[in-house]
2 protein chains.
Amino acid sequence: MDTEEILKKQKLKVTPQRKAIIQVLQNSSSVLSAQEIFAAVIDVMPNVNLSTVYRNIDVLLKKGVLCRITSEDDKILYELRREKGHHHHIICKKCGASIPIDYCPMEDIEKELDKKGFTPTEHRFEIYGYCEKCSKKLKK
Amino acid sequence: MDTEEILKKQKLKVTPQRKAIIQVLQNSSSVLSAQEIFAAVIDVMPNVNLSTVYRNIDVLLKKGVLCRITSEDDKILYELRREKGHHHHIICKKCGASIPIDYCPMEDIEKELDKKGFTPTEHRFEIYGYCEKCSKKLKK
DNA sequence: ATCGCTGCAAACAATTTGCAGCCGC
DNA sequence: GCGGCTGCAAATTGTTTGCAGCGAT
């Protein structure tokens, strides 16, 4: 989908900065930090400001255009949301690629939570490791 | 277990600062951030320094005395490790209590990962919500 | 006497905010 | 034209580092 469409669909104003941010994420094969997005946007739009990037990441997140992911070492990363429903990610520690997975552990644990009287509202499940390509490279 | 014992068992030097940090965590019913630990330690030891707290959290983490937990809103929190083996946590969004759980989703997903050629090395699984007490309070 | 631990100040990194002007609708 | 969006600078927040002195072995 085209960047402009994405924005219009969310009833967001179409600005060159927003388009650039989405484009960067579309072209990226890995999950990116706010700073990395900024660095990539600045290449094509030399006077964007970092705060603009932060502000737009926020609105795009709220609208569900982006996913927020926590890296293995607690850094916050973003990617374009490609899947519709609820899902989790596997993230490659080498190339930063993220692979969506359907599996969600919550079904398997609801009973146990219920037993403890705990009412779950959110959860986090992320797997880190090496993707197929990087696994092979490391073995060599 | 007594704070001094904990440190000795890990072959760490026993210092009043370290003892105070562990004590704070022992007395706390919730998971704490570095700054919160600092705030609590300073009450009993007015001239500790924040960097001392950070440095000691690091060594205690490395020795496995502490667990590092990521809050729902991506803040890093700590608690005394109470369980021995691998485990995950349920964290109450209201009171900050953390409840360890044995269940780990990795067993259930290994096959799927294998199919995708992904080699997992680490993972993160945390559940946020309301503990029994806080659930009841909210219903009233 | 040595080496690790601490306090202090300063540096650093990541993110947020206030404000004035600009731009998309 | 209005209200949201942006750039810029400055403020915050969270964490790390260099250094000199202290303290335990």
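Numbers restart at 1 for each chain; the letters A, B, ... are given by sequence-line order, proteins then strands.
Scanning residues 28-45 of chain A for heavy-atom distances under 4.0 Å to DNA chain D yields an empty list.
Under 4.0 angstrom from either OP1 or OP2 of D:dT6 there lies no side-chain N or O belonging to A:Arg55. Put simply, B:Thr15 has no side-chain N or O that comes within less than 4.0 Å of OP1 or OP2 on D:dA24. An OP1 or OP2 oxygen of C:dC5 is reached within less than 4.0 angstrom by no side-chain nitrogen or oxygen of B:Asn49. Contact between the side-chain N/O atoms of B:Ser51 and the OP1/OP2 oxygens of C:dG7 is not found at any separation under 4.0 Å. For the OP1/OP2 pair of D:dT16 and a distance below 4.0 Å, the side-chain nitrogens and oxygens of B:Tyr54 include no atom meeting the criterion. Distances shorter than 4.0 Å separate some side-chain N or O of B:Asn56 from OP1 or OP2 on C:dT6. Look at A:Gln17 and you won't find any side-chain N or O under 4.0 angstrom from OP1 or OP2 of C:dC23.
Note: CG (B:Leu60) to P (C:dG4) measures 17 Å, nearest angstrom. Here the C1' atom of nucleotide C:dC23 and the CG atom of A:Leu12 are 16 Å apart, to the nearest Å. Atom CG in B:Asn47 sits about 18 Å away from atom P in C:dC5, given to the nearest Å. Here C:dA14 presents its P atom at 17 Å from CG of A:Asp58, a figure rounded to the nearest Å. Taking atom NZ on A:Lys62 and atom P on D:dC5, their separation rounds to 11 Å, with Å as the unit. Following rounding to the nearest Å, A:Lys75 (NZ) and C:dA14 (P) show an atom-to-atom distance of 7 Å. Atom CG in A:Leu7 sits roughly 15 Å away from atom C1' in C:dC23 (whole-Å rounding). Atom CD1 of B:Ile76 and atom P of C:dA13 are 17 Å apart (whole Å).
Side-chain N/O atoms of B:Thr52 and B:Gln17 include no donor and acceptor closer than 3.5 Å. Side-chain contact annotation: B:Tyr103 with B:Asp108, donor-acceptor N/O pair under 3.5 Å present. B:Thr70 and B:Lys75 share no side-chain donor-acceptor pair at under 3.5 Å. Between the side chains of B:Tyr128 and B:Asp73, no donor-acceptor pair is found at a separation under 3.5 Å.
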Starting from the C-alpha separation in whole Å, work towards a yes-or-no answer on salt bridge (charged side-chain N to carboxylate O under 4.0 Å, His left out) for A:Arg124 and B:Asp74. CA-CA 10 Å; A:Arg124 193 193 286 270; B:Asp74 297 305; 3.1 Å; yes
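Mapping A:Lys8 and B:Arg18 onto DNA chain C by nearest heavy atom places B:Arg18 closer to the 5' end of the strand. Comparing A:Val48 and B:Leu50 by the nucleotide of DNA chain D whose heavy atom lies nearest to each, the residue mapping closer to the 5' end is A:Val48.
Applying the side-chain hydrogen bond (donor to acceptor under 3.5 Å, both in side chains) test to residues at least two apart or on different chains, the pairs with a partner in residues 3-13 of chain B are B:Glu4-B:Lys19.
At a threshold of 4.5 Å between side-chain heavy atoms, the hydrophobic network of Ile, Leu, Val, Met, Phe, Trp and Tyr places B:Ile99 and B:Leu32 in two separate groups.
Ring orientation note: the planes of A:His88 and A:His123 are tilted relative to one another, at an angle of 30° to 60°.
With distances taken from any side-chain atom of B:Lys13 to the nucleotides D:dT15, C:dT16, C:dC5, the minimum falls on C:dC5.
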